[in-house]
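Here the structure is laid out as structure tokens; the discussion comes afterwards.
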There are 2 protein chains.
Amino acid sequence: MISGKFAITLHILTLLSKFPDEYLSSEFLAGSMNINPVLVRKEIANLKKHNMVESREGKNGGTRLAKSVKNITLDDIFKMTFQKVSLGYAKNDPNPACPVGKKINQNLDALYDDINNKISAQLKDISLMEFTDKF
Amino acid sequence: MISGKFAITLHILTLLSKFPDEYLSSEFLAGSMNINPVLVRKEIANLKKHNMVESREGKNGGTRLAKSVKNITLDDIFKMTFQKVSLGYAKNDPNPACPVGKKINQNLDALYDDINNKISAQLKDISLMEFTDKF
DNA sequence: AAAACTGTAACAATTTTAATTACATATAAA
DNA sequence: TTTATATGTAATTAAAATTGTTACAGTTTT
């Protein structure tokens, strides 16, 4: 099961960018995704750690963007929320007595690193503004 | 948890390419990965469906390559074993009453399609021979 | 003081993947 | 022709990862 962190975070940022002057509550944000508000707050915690948003506690509290949508790229979001794209591994430790088993994971890792570099380059060219303009 | 199909299939093909004249058993192949032989046989069934390997049942049976390692690319394996690379979705159906919720999945899909096209182009340039030469 | 939020932790439920078991069928070789 | 050793596949169980839920402390506005 692939985690929804990237999608949730991008969804949050898209909503925040549509209402740049308001503090939006986690319940409102969660309502747009139809998920639990706690999940939203977890991703907001991550966004705050990276200084992308700022929150206000208490009544009428919520979250808003802390920087311009022009200065956020999808690669920033990717790096904040996604470990690494992978095409998977055979789950157990491969047999070190086998020449292939011994080196398979390092060769897969090298391949996956190449893939991730390409994806990053691709996402770096897409600003959050460009993405949110599609809505 | 990301499935190991791609990695298992690539591992199988790497081993088969190292012993191109022998029929290798699922138990031998599984031993190199330290996984259950049934998982190997499932991936072999998929490889057979795509005419990449041929098997022999019964005593001294096993599997061997059905085509040259030069004519197999990592993209072939990717397409055979991996639905699609994705950065995930917010799991539930987003709110269709929200302008962002209504269109988020189609915009994510478009983004992920672009990513997959880039990955395919990248993998198309790597032959199985090039990969197996690393061992 | 009350109401409405955020911030977290702990735990339960769900979903996906892998392992295991079982057995029918096929083939080589003794 | 019998035995041993494979494949092929279905069904079930186990394990791992993600998501949902509950609970509650802390904060801020009214």
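We use all heavy atoms of the structure for the numbers below, so side chains are in, but hydrogens, waters and symmetry mates are not.
Nearest-nucleotide positions on DNA chain D for B/Ser25 and A/Gly4 put B/Ser25 closer to the 5' end. In this structure, A/Thr63 and A/Lys42 both approach DNA chain C, and ranking their closest nucleotides by distance from the 5' end singles out A/Thr63.
For the residue pair B/Asp75 / B/Ser120, a side-chain donor-acceptor distance below 3.5 Å is found, with atom types taken as modelled. For the residue pair A/Thr132 / A/Thr14, no side-chain donor-acceptor distance below 3.5 Å is found, with atom types taken as modelled. Counted by atom type alone, B/Thr81 and B/Thr9 present zero donor-acceptor pairs between their side chains at under 3.5 Å. A donor atom on one side chain and an acceptor atom on the other are found under 3.5 Å apart for B/Arg64 and B/Tyr23.
Atom pair B/Leu39:CG and C/dT17:C1' shows a separation of 9 Å (rounding to whole Å applied). Separating the CG atom of B/Asn46 from the C1' atom of C/dT17 is a distance of 16 Å, rounded to the nearest angstrom. Rounded to whole angstrom, the span from the CD atom of A/Glu54 across to the P atom of C/dC5 amounts to 19 Å. The interatomic distance linking A/Asn36 (CG) with D/dT18 (P) rounds to 17 Å, in whole Å. D/dT7 atom C1' lies 17 Å from atom CZ of B/Phe28, rounded to whole Å. Distance A/Asn34 CG to D/dT21 C1': 15 Å, rounded to the nearest Å. Protein atom NZ of B/Lys49 is 19 Å distant from nucleotide atom P of D/dT7, rounded to whole Å. Taking atom NZ of residue B/Lys5 and atom P of nucleotide C/dA19, one finds them 12 Å apart after rounding to whole Å.
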Nucleic acid footprint by protein, nucleotides 23-30 of chain C - heavy-atom cut-off 4.0 Å, B for base, S for sugar-phosphate alone: ---BBBS-
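For D/dT7, neither phosphate oxygen OP1 nor OP2 lies less than 4.0 angstrom from any side-chain nitrogen or oxygen of B/Ser55.
Distance CG/B/Asn60 to CD/B/Glu22: 11.5 Å, rounded to 0.5 Å. A distance of 10.5 Å separates CG of B/Leu16 from CD of B/Glu54, quoted to the nearest 0.5 Å.
Between the axis at the start and the axis at the end of the helix from C/dA1-D/dT30 to C/dA30-D/dT1 there is an angle of 0°, using five pairs per end and rounding to 10 degrees.
The B/Val38 side chain lies nearest to C/dT21 when the options are C/dA10, D/dT22, C/dT21.
Identified under the ring-ring contact (aromatic ring centres under 6.0 Å, His included) test for residues 72-111 of chain A, with sequence neighbours left out: A/Phe78-A/Phe82, A/Tyr89-A/Tyr112.
Residues B/Leu24 and B/Val38 do not share a hydrophobic cluster, clusters being chains of Ile/Leu/Val/Met/Phe/Trp/Tyr side chains in contact below 4.5 Å.
Looking only at distances, a side-chain donor or acceptor of B/Asn116 sits under 3.5 Å from a matching main-chain atom of B/Val85.
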